[in-house]
Q: 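Just passing along the structure, written as structure tokens.
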Amino acid sequence: KPGWWKETVVYQIYPRSFQDSNGDGEGDLKGIISRLDYLKSLGVGTVWLNPIYASPNDDSGYDISDYRRIQPAFGTMQDFDDLLKGLHQRGIKLVMDLVVNHSSDEHEWFKQARSSRTNPYRNYYHWWPAEKGKPTPRWSFFDVNSDAWRYDSLTNSYYLHYFSRKQPDLNWENPKLRQEVYALMRFWLDKGIDGFRLDAFQFASKDTRFPPLPAGYEKNIIKYYGGGPHLHDYLQEMNREVLSKYDVMTVAEGAGTGPTDAMLFVDPSRKELNMAYHFEGVDLSTGPEGYKLTDFKRVYTRWDSAFAQKGWLSIFLANHDQPRMVSKFGDDRPAFRAASAKLLNTFLLTMRGTPYCYNGDELGMSNIGFTDIADYRDVATRNGYQQVKNQGGDLAAFLATARRTARDNGRTPFQWDATANAGFTTSTPWLKVNPNYREINAAAEDKDPNSVLNYFRKAMALRKAHQVLLTGNYQLLDEPNPHIYAYTRSLGQEQVLVVLNFTSVKRRWPLPIGTEISGQPWLNNYPTFAAATTLALEPWQALVLPLR
Ligand code: TEU
């Protein structure tokens with residue numbers, strides 16, 4: 001069905017932390033296969049799998065050493081085929097992660113490229129010959145010196161890596177490289193997958209003269225690293241040569257600096273990609289004071305109106321690069337965790353755009369908040385700590401921030417049940433399990449009709465049953481209200497009101513004049529509801545109300 005990707009809900013599985021089946025402490029494909037009926041019970045239509053290709057795990061699988069081999073710790077290609085079959089048998093599509101802004105430095109291409117300046121693979125990457133002097137400075141996301149150029153003595157040259165030293169950037173200017181990527185895309189598409197998420201692709205096009213960038217450019221990295229000179233030429237070629245030949249969904253990670261840039265990726269007439277996701281929501285002040293709801297409302301309203309006529313967006317509040325959404329956008333204290341987790345899931349599942357739900361958020365899993373650097377596994381966290389240490393900086397301050405914002409928070413093992421290691425593994429997990437797994441786990445929540453899990457299932461069923469929630473117009477109400485996020489969705493005669501109390505205290509909210517509630521709530525994360533012209537809202541109460 002054309003545009004199936006507009007009506008699906010995507011469930012992101014972080015394979016390394018989902019389910020271990022062979023007792024090595026890491027999740028694997030057989031583990032996911034053993035949980036297919038759980039996925040079916042959620043009602044999700046699509047699974048996005050983080051990278052499962054061979055990788056030395058410098059960046060937890062985002063450093064790929066062989067695009068056509070399954071990471072041995074995750075299983076075999078037969079396991080992959082069985083997983084795809086199992087998903088498709090349950091009517092669930094599979095979207096894979098396409099990580100081609102860079103490869104691993106252990107990829108055969110890079111081994112060849114660095115061996116000599118005349119090697120045929122040399123220009124699969126970006127090199128700067130040392131005799132030209134120091135390369136023009138470029139900032140790196142993960143490097144311990146934040147330096148994106150790495151000197152390689154073998155050919156007395158520097159190579160570019162926007163991410164870690166072990167993630168050299170691929171040179172998309174090279175048509176041979178582009179054809180290699182298209183061939184590996186066909187390899188997976190011919191196996192029957194249903195789409196790709198293009199990792200960090202907005203950075204793939206570089207001005208290979210590497211001109212100086214203005215001071216402080218790294219504070220606005222998407223503006224200076226994104227949208228390079230040929231980015232859209234590459235995407236249009238990729239579409240012509242590969243994507244247009246399959247009924248698949250594509251989503252760009254990152255969509256430029258705002259709706260205008262994003263439209264360049266997803267305007268259907270441009271024949272590039274289907275949807276994109278922006279970071280403006282999740283990048284709202286990660287400071288200790290948290291975010292302002294008025295900013296949050298403004299961001300999601302602005303992006304919705306920009307795409308009201310054409311193009312399409314994803315809606316997400318968390319992924320493997322983010323802390324847990326209930327800790328960041330809700331309130332994970334025991335008194336409010338479940339209610340605020342339900343509220344955030346209500347937002348995701350009643351907004352316009354394809355929802356991306358991150359595994360564990362349907363349970364209300366929360367940040368683990370490590371205090372010891374030895375517990376962290378993420379290259380971004382560990383190199384960040386090392387950099388502060390090298391500079392004699394404030395390590396306590398770094399750890400206090402990491403406790404709230406580190407990517408490790410969202411990567412702790414899925415909490416299946418109250419047995420050892422939450423049923424994730426029978427051995428030592430690669431990353432510690434959150435000790436709150438005894439209370440927060442799928443088995444306990446499956447049996448509890450009032451759990452976050454069962455609320456999620458209800459919300460999923462609701463979205464599927466009502467076209468108004470899929471494609472209906474979105475209209476923000478009561479914009480200045482700093483505590484309540486209220487909006488309507490309407491399609492033809494059908495109109496529904498969503499009211500979300502984003503605070504930990506009771507609030508009263510007067511219905512707009514002329515609003516008439518036409519029946520019982522479609523969703524309510526509290527047991528009771530009293531229709532009134534002024535609603536009495538419990539802390540973190542979420543209501544979805546049909547209107548006359
Ligand atoms: O993330 C790309 C990216 O832009 C992130 O580094 C993001 O900007 C940052 O985490 C702040 O939100 C993708 C993957 O999602 C990430 O896991 C990888 O580490 C990165 O690319 C390199 O592959």
Side-chain angles (χ1 to χ4, degrees), residues 10 12-17 48-53 55-65 67 71 95-107 139-143 146 148 160-170 181 196-205 217-228 231 251-257 261-262 265 276-286 291 299 314 316-325 328-329 356 358-359 376-384 401-402 404-411 431:
V10 180
Q12 179 191 351
I13 291 179
Y14 192 68
R16 212 171 176 202
S17 301
W48 155 31
L49 214 43
N50 289 97
I52 55 171
Y53 320 97
S55 162
N57 275 334
D58 187 61
D59 180 17
S60 202
Y62 279 92
D63 48 317
I64 295 165
S65 52
Y67 288 93
Q71 173 74 324
V95 167
M96 301 269 274
D97 220 317
L98 183 68
V99 187
V100 288
N101 171 68
H102 48 274
S103 75
S104 164
D105 65 344
E106 297 183 28
H107 194 289
W139 179 81
S140 158
F141 281 95
F142 300 153
D143 183 70
S146 298
L160 181 73
H161 61 88
Y162 277 173
F163 293 95
S164 88
R165 290 173 183 173
K166 288 181 66 63
Q167 293 173 290
D169 282 59
L170 290 165
V181 172
F196 285 111
R197 171 233 189 223
L198 276 72
D199 178 71
F201 199 79
Q202 62 179 333
F203 302 141
S205 172
Y217 72 91
E218 68 282 0
K219 294 183 188 54
N220 192 354
I221 203 65
I222 292 181
K223 176 176 166 57
Y224 290 99
Y225 276 14
L231 178 64
V251 52
E253 184 215 12
T257 59
D261 282 357
F265 288 84
Y277 59 83
H278 64 80
F279 292 114
E280 282 185 33
V282 291
D283 282 353
L284 282 175
S285 64
T286 48
Y291 66 104
V299 163
S314 72
F316 75 102
L317 291 177
N319 57 35
H320 63 293
D321 290 334
Q322 297 295 329
R324 284 285 173 186
M325 68 177 188
K328 177 168 178 170
F329 292 109
Y356 283 64
Y358 183 56
N359 61 194
Y376 285 96
R377 293 290 173 273
D378 179 14
V379 63
T381 313
R382 299 176 64 82
N383 282 2
T401 302
R404 273 185 301 103
T405 66
R407 303 195 298 180
D408 306 71
N409 279 302
R411 299 178 177 186
L431 180 66

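In this chain, residues are counted from 1 in sequence order. Counting starts at 1 for both ligands and their atoms, in listed order. Computed from heavy atoms alone, side chains included, the values below leave out hydrogens, waters and symmetry copies.
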Q: Is it the case that the side chains of Asn101 and Asp169 hold a donor-acceptor pair, with the cut-off being a distance below 3.5 Å and no angle test?
A: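 Result is yes, a qualifying pair exists.
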
Q: Is atom 9 (C) of ligand 1 less than 4.0 angstrom from some protein heavy atom?
A: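 No, there is none.
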
Q: Tell me: protein heavy atom nearest atom 20 (C) of ligand 1, and distance?
A: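 It is Phe163 CE2, 3.8 Å.
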
Q: Can you tell me the protein heavy atom closest to atom 3 (C) of ligand 1 and the distance?
A: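 Here the nearest protein heavy atom works out to Glu253 OE2, 3.6 Å.
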
Q: Which of the numbered atoms in ligand 1 are below 4.0 angstrom from a heavy atom of His320?
A: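 Within the 4.0 Å cut-off of His320, ligand 1 contributes 14 (C), 15 (O), 16 (C), 17 (O).
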
Q: Please work out whether any backbone atom (N, CA, C, O) or any side-chain heavy atom from C-beta onward of Arg197 is under 4.0 Å from ligand 1, and answer side chain, backbone, both or neither.
A: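 Only the side chain of Arg197 comes within reach of ligand 1.
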
Q: Ser60 and Arg377: side-chain donor and acceptor closer than 3.5 Å?
A: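 There is no such pair between these side chains.
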
Q: Check Tyr277, Phe329, Tyr358 against Phe316 for a ring-ring contact (aromatic ring centres under 6.0 Å, His included) and give me the one that passes.
A: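 Among Tyr277, Phe329, Tyr358, the one meeting ring-ring contact (aromatic ring centres under 6.0 Å, His included) with Phe316 is Tyr277.
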
Q: Any atoms of ligand 1 less than 4.0 Å from a non-hydrogen atom of Asp199? List them with their elements.
A: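 Going through ligand 1 atom by atom, the ones under 4.0 Å from Asp199 are 13 (C), 14 (C), 15 (O), 21 (O), 22 (C), 23 (O).
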
Q: Take every heavy atom of Phe203, measure it against each atom of ligand 1, and state whether any distance is under 4.0 Å.
A: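 It does; at least one heavy atom falls under 4.0 Å.
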
Q: Between Tyr62 and Tyr53, does the ring centre distance come in under 6.0 Å?
A: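 No.
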
Q: Is it true that the side chains of Gln167 and Asp105 contain a donor and an acceptor less than 3.5 Å apart?
A: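 Checked: Gln167/Asp105 side chains show no N/O donor-acceptor pair below 3.5 Å.
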
Q: Within the 4.0 Å heavy-atom shell around Phe142, which atoms of ligand 1 are there?
A: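 Listed by number with element, the hits are 19 (O).
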
Q: In terms of atom number and element, which parts of ligand 1 are under 4.0 angstrom from non-hydrogen atoms of Arg407?
A: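 Close to Arg407: 10 (O), 16 (C), 17 (O), 18 (C), 19 (O).
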
Q: In terms of side-chain geometry, is the basic nitrogen of Lys166 or Asp63 positioned less than 4.0 Å from the acidic oxygen of its partner?
A: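 No salt bridge links Lys166 with Asp63.
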
Q: Give a yes or no on whether a salt bridge exists between Arg165 and Asp59, defined as a side-chain N under 4.0 angstrom from a carboxylate O.
A: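 Between Asp59 and Arg165 there is no salt bridge, as every charged N stays at least 4.0 Å from the carboxylate O atoms.
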
Q: Quick check, are the ring centers of Phe141 and Tyr162 under 6.0 angstrom apart?
A: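 No, the ring of Phe141 stays outside the 6.0 Å limit from the ring of Tyr162, centre to centre.
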
Q: Within the structure, does at least one protein heavy atom fall under 4.0 Å of atom 18 (C) of ligand 1?
A: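 Yes.
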
Q: Looking only at protein heavy atoms, which one is nearest to atom 12 (O) of ligand 1, and what is the separation?
A: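 Checked against all protein heavy atoms, atom 12 (O) of ligand 1 sits closest to Gln322 NE2, 3.8 Å.
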
Q: For His102, take its heavy atoms, then give the atoms of ligand 1 lying under 4.0 Å from any of them.
A: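 Going through ligand 1 atom by atom, the ones under 4.0 Å from His102 are 22 (C), 23 (O).
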
Q: Among all protein non-hydrogen atoms, which one is nearest to atom 15 (O) of ligand 1, and what is the separation to 0.1 Å?
A: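 So the nearest neighbour among protein heavy atoms is Asp321 OD2, 2.5 Å.
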
Q: Is there a polar contact, in the sense of an N or O pair closer than 3.5 Å, between Asp59 and ligand 1?
A: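 Between Asp59 and ligand 1 (N or O atoms, distance only) the closest approach is under 3.5 Å.
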
Q: Which label fits Phe163 and Phe142: parallel for a plane angle under 30°, tilted from 30 to 60°, or perpendicular past 60°?
A: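 Geometry flag for Phe142 against Phe163: tilted rings.
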
